[in-house]
Amino acid sequence: MRTRVRGWHWRDNPLRRRSDVVEGWIALAVAVLLLVGTPLAGALAGLWAHDEGRTAATAQRQDRHRVHARVLGAEPGQLPVVQGGREHAFRAWVRWTEPGEGTRTAVTRIPAGTHPGDMVDVWFDSAGRGVAAPPNEVSVWQHTVAVGLCAAGSAAVVTLVGHGLLRRVSLRRRMSEWERDWSRTGPEWTRRRA
């Protein structure tokens with residue numbers, strides 16, 4: 001004789017309790033949320049991040065311009081920093097010629113390993129401050145994927161924590177039902193027989 005277990009939470013069964021039905025529906029809801037809701041949350045957050053990233057990158061490309069400049073020397077107190085065996089970017093004076101405006105000089109960040117007299121590409125904003133290069137399409141996609149994965153992971157964690165809390169409440173309720181039923185049934189089973 002074979003017993004079918006599939007769908008036992010919803011079957012007519014004299015041993016089925018209300019908490020069993022509730023637990024079955026909660027398990028179904030958690031499965032749907034994990035399989036559909038979590039990827040959907042990640043995709044929506046990723047699309048939002050991609051739109052925002054492209055908008056910010058476009059605005060930065062319009063505000064910033066690149067110049068090919070000659071390094072004059074490090075700014076006082078801004079020597080290259082070596083950490084973990086690698087040099088990091090540092091601030092230095094650079095000079096370049098802009099068409100129609102003549103020669104200009106400014107302080108900006110330059111790549112590690114650059115020496116006075118080297119030519120480097122540096123970026124400036126409309127106010128003339130040295131800034132980082134605007135993000136390219138790869139940076140926007142990296143940001144998109146990171147935000148999407150974080151959103152999907154967060155949705156999964158919230159779903160699983162919520163499921164754990166609901167199971168805990170369900171277990172307490174089930175135990176109180178069993179205790180109440182046993183208090184009625186137990187004395188009949190434990191009565192001494194003569």
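Remember, it's a predicted structure, so these values are computed and weren't measured experimentally.
For Trp182, the ring-ring contact (aromatic ring centres under 6.0 Å, His included) partners two or more places apart in sequence, or in a different chain, are Trp189. With sequence neighbours left out, Arg172 forms a side-chain hydrogen bond (donor to acceptor under 3.5 Å, both in side chains) with no residue at all. Partners of Trp96 under the ring-ring contact (aromatic ring centres under 6.0 Å, His included) rule, at least two apart in sequence or in another chain, are Phe124. By the side-chain hydrogen bond (donor to acceptor under 3.5 Å, both in side chains) test, Ser183 is found to be paired with no residue, residues two or more places apart in sequence or in another chain being considered. Not counting sequence neighbours, Arg180 has no partner by the side-chain hydrogen bond (donor to acceptor under 3.5 Å, both in side chains) test. For Asp118, the side chain to side chain contact (heavy atoms under 4.5 Å, CB included) partners two or more places apart in sequence, or in a different chain, are Thr114, His115. For Arg104, the side-chain hydrogen bond (donor to acceptor under 3.5 Å, both in side chains) partners at least two apart in sequence or on another chain are Glu98.
In terms of heavy-atom proximity, Ala57 sits nearest to Pro134 at O-CB, 4.4 Å. Closest of all the heavy-atom pairs between Ala92 and Ile110 is CB-CD1, 3.5 Å. Between Thr144 and Gly46, the shortest heavy-atom contact is CG2-O, 3.2 Å. Of all the heavy atoms in Ala151 and Ala45, the pair that sits closest is CB-CB, 3.4 Å. Minimum heavy-atom separation, Gly130 to Thr108: CA-OG1, 3.3 Å. For Gln60 against Pro135, the heavy-atom pair with the smallest separation is OE1-CD, 2.8 Å.
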What's the verdict on side-chain contact (heavy atoms from CB on, under 4.5 Å) for Asn136 and Ser139, showing C-alpha distance, side-chain angles and the deciding distance? CA-CA 5 Å; Asn136 57 14; Ser139 297; 3.0 Å; yes

How far apart are the C-alpha atoms of Val120 and Val71, what are their side-chain angles, what is the distance that settles it, and do they pass the side-chain contact (heavy atoms from CB on, under 4.5 Å) test? CA-CA 7 Å; Val120 294; Val71 177; 3.9 Å; yes

In sequence, state the C-alpha distance, the side-chain angles, and the governing distance for Val67 and Val122, and then conclude on side-chain contact (heavy atoms from CB on, under 4.5 Å). CA-CA 6 Å; Val67 297; Val122 291; 3.5 Å; yes

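Atom CZ of Arg61 is surrounded by more than 12 heavy atoms from other residues, nucleotides or ligands within 6.0 Å. Heavy-atom contacts from other residues, nucleotides or ligands closer than 6.0 Å to CZ of Arg173 number 12 or fewer.
Note that the CG atom of Leu149 and the OG atom of Ser154 stand 10.5 Å from one another [nearest 0.5 Å]. Taking CZ from Arg91 and CZ from Arg109, the interatomic distance works out to 7.0 Å, rounded to the nearest 0.5 Å. Taken to the nearest 0.5 Å, the CZ atom of Arg66 stands 5.5 Å off from the CH2 atom of Trp123. Of the inter-residue distances, the one linking Ser126 atom OG with Gln62 atom CD reads 11.0 Å to the nearest 0.5 angstrom. Note that the CZ atom of Arg70 and the OG1 atom of Thr97 stand 10.0 Å from one another [nearest 0.5 Å].
Arg54 places no side-chain N or O within donor-acceptor distance of the main-chain N or O of Ala49, the cut-off being under 3.5 Å.
The hydrophobic cluster containing Leu171 also includes Met175, Trp178, under a criterion of side-chain heavy atoms closer than 4.5 Å among ILVMFWY residues, counted directly or through chains of members. Here Leu44 is tied into one hydrophobic group with Leu40, each link being a pair of ILVMFWY side chains closer than 4.5 Å. Hydrophobic side-chain contacts under 4.5 Å tie Leu160 into a cluster, directly or through other members, with Val22, Ile26, Val30, Leu34, Leu166.
The salt bridge (Lys or Arg N to Asp or Glu O under 4.0 Å) analysis of residues 126-140, with sequence neighbours excluded, yields the pairs Asp125-Arg129. For residues 132-172, the pairs satisfying ring pair (Phe, Tyr, Trp, His ring centres under 6.0 Å) are His50-Trp141, with sequence neighbours left out.
Using a 4.5 Å cut-off between side-chain heavy atoms of Ile, Leu, Val, Met, Phe, Trp and Tyr, with links allowed through other members, Leu33 and Leu28 fall into different hydrophobic clusters.
Residues Arg184 and Asp181 have side chains in contact (heavy-atom distance under 4.5 Å, counting atoms from C-beta outward).
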